[in-house]
Amino acid sequence: MSHKPVSLTEFVLDEQRKYPKASGDFTLLLIQLAAAGKTIASHIRRGGLGDMFGKTGKKNTSNDEVIALDEYSNDVLVETLTASGQVHAVASEEMDEIHHVTKHTGEYIVFLDPLDGSSNTAYSITVGTIFSIYHKKSSMLARGIEQVAAGYILYGTSVMFVYTSGGEVNGFTLDPAIGEFLLSHPSITIPKTGSIYAINEGNALQWDTPTQEFMAYVKKQSFSARYVGSLVADIHRTLLKGGIFLYPADTKHPHGKLRLLFEVNPIAFLIQQAGGVALCGMDDPLAIVPSSLHQRVPVVLGSKEEVEYYRSLL
Ligand code: P6P
């Protein structure tokens with residue numbers, strides 16, 4: 001019986017062996033994603049000792065302030081993925097246009113939120129990289145159901161790599177001593193019900209009636225409020241502990257705030273593969289035909305019981 005924990009590389013190679021025709025391209029792509037995550041993690045660790053928090057004076061397509069760490073994370077990811085030879089195109093929340101890879105092009109399209117919640121890094125609060133992978137035969141505005149894999153790299157009290165390629169969700173923790181992601185959370189399943197809600201209550205006066213009714217319900221049930229304001233942190237806790245995350249549409253955010261292709265589809269895929277439920281209004285996010293690259297959508301997701309109750313109020 002081996003006492004050595006399984007590394008991400010060994011895990012993905014084992015997965016690859018289940019598909020005799022697998023070329024190993026996907027394995028290399030995931031390993032390169034993890035390598036980029038390690039580089040970003042080492043930079044973030046320096047915190048205020050570095051010069052990464054400064055504003056660049058630019059705004060991205062979604063009108064978010066761009067800090068140096070956003071550009072750095074985006075560049076590390078795009079360069080690492082392009083060098084892997086496994087990528088046909090890369091789209092990023094930080095790039096207005098799609099980056100088509102011509103030299104050493106590959107089989108996969110990757111959507112990235114390079115450093116979601118990046119403004120939190122100045123306060124040493126958990127942030128994350130979100131990725132969503134399609135085969136190049138998919139259009140650039142394909143439905144989320146066509147994703148071949150999705151996941152996030154969480155830069156928190158530990159650095160974690162959490163992903164699904166369909167079927168189950170597995171979590172790996174970076175062992176700083178050896179610089180390897182090791183399997184720490186095999187086959188993650190979200191509890192069927194929880195007692196935590198995550199929503200920005202600062203928007204309460206703008207909520208629609210179903211959201212107001214749901215929030216009255218959770219308060220009657222004495223749920224706990226936990227809202228980091230950093231999507232990967234809130235999602236990781238919801239995935240492991242259960243409960244519900246909401247960024248619904250409201251009068252200030254008529255289409256919600258989160259981006260369908262870069263945030264909602266990858267997270268919804270993970271939540272569903274872990275046995276949870278994800279909603280955009282009444283719809284499954286993965287069934288939405290995107291209208292634009294940076295489209296925003298309302299989203300409610302988490303434990304089946306809570307999300308189904310929310311759906312019943314719509
Ligand atoms: P609000 C960060 O900017 C982000 O995109 C997600 O990480 C997070 O869930 C959300 O926005 C927080 O938005 O309006 O509550 O600050």
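We're numbering straight along the sequence, starting at 1. It should be emphasised that the depicted structure is a prediction, and the values quoted were computed from it without experimental measurement. Order of appearance sets the numbers: ligands from 1, and atoms from 1 within every ligand.
Aromatic rings from F131 and Y152 are positioned such that their centres are separated by 6.0 Å or more. Taking the six-membered ring wherever Trp is involved, the centroid distance between the rings of Y108 and H88 does not fall below 6.0 Å.
Between Y310 and F214, the ring-plane angle classifies as perpendicular under the 30° and 60° cut-offs.
Contact between D116 and ligand 1 is present, with at least one heavy atom of the residue lying under 4.0 Å from the ligand. Residue contacts with ligand 1: E263 is included, with a non-hydrogen atom under 4.0 Å away.
At a heavy-atom cutoff of 4.0 Å, ligand 1 is contacted by the side chain of R259 but not by its backbone.
Compare L231, D113, N200, N203 by their heavy atoms: the one nearest to atom 9 (O) of ligand 1 is in L231.
Numbered from 1 in the order shown, with element, the atoms of ligand 1 that lie under 4.0 Å from a heavy atom of S230 read 7 (O).
Protein heavy atom at the shortest distance from atom 12 (C) of ligand 1 is Y227 OH, 3.4 Å. In terms of protein heavy-atom proximity, atom 16 (O) of ligand 1 is nearest to K257 NZ, 3.8 Å. Remark: minimum distance from atom 2 (C) of ligand 1 to any protein heavy atom is reached at G117 CA, 3.8 Å. With hydrogens left out, the protein atom closest to atom 14 (O) of ligand 1 is Y247 OH, 2.6 Å, a heavy atom.
For the residue pair S132 / Q147, a side-chain donor-acceptor distance below 3.5 Å is found, with atom types taken as modelled.
Ion pairing of K58 with E71 is present here, as a side-chain N (NZ or NE/NH1/NH2) and a carboxylate O approach within less than 4.0 Å.
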Test salt bridge (Lys or Arg N to Asp or Glu O under 4.0 Å) on E94 and R259 and set out the steps. CA-CA 12 Å; E94 300 305 331; R259 294 79 171 182; over 6 Å; no
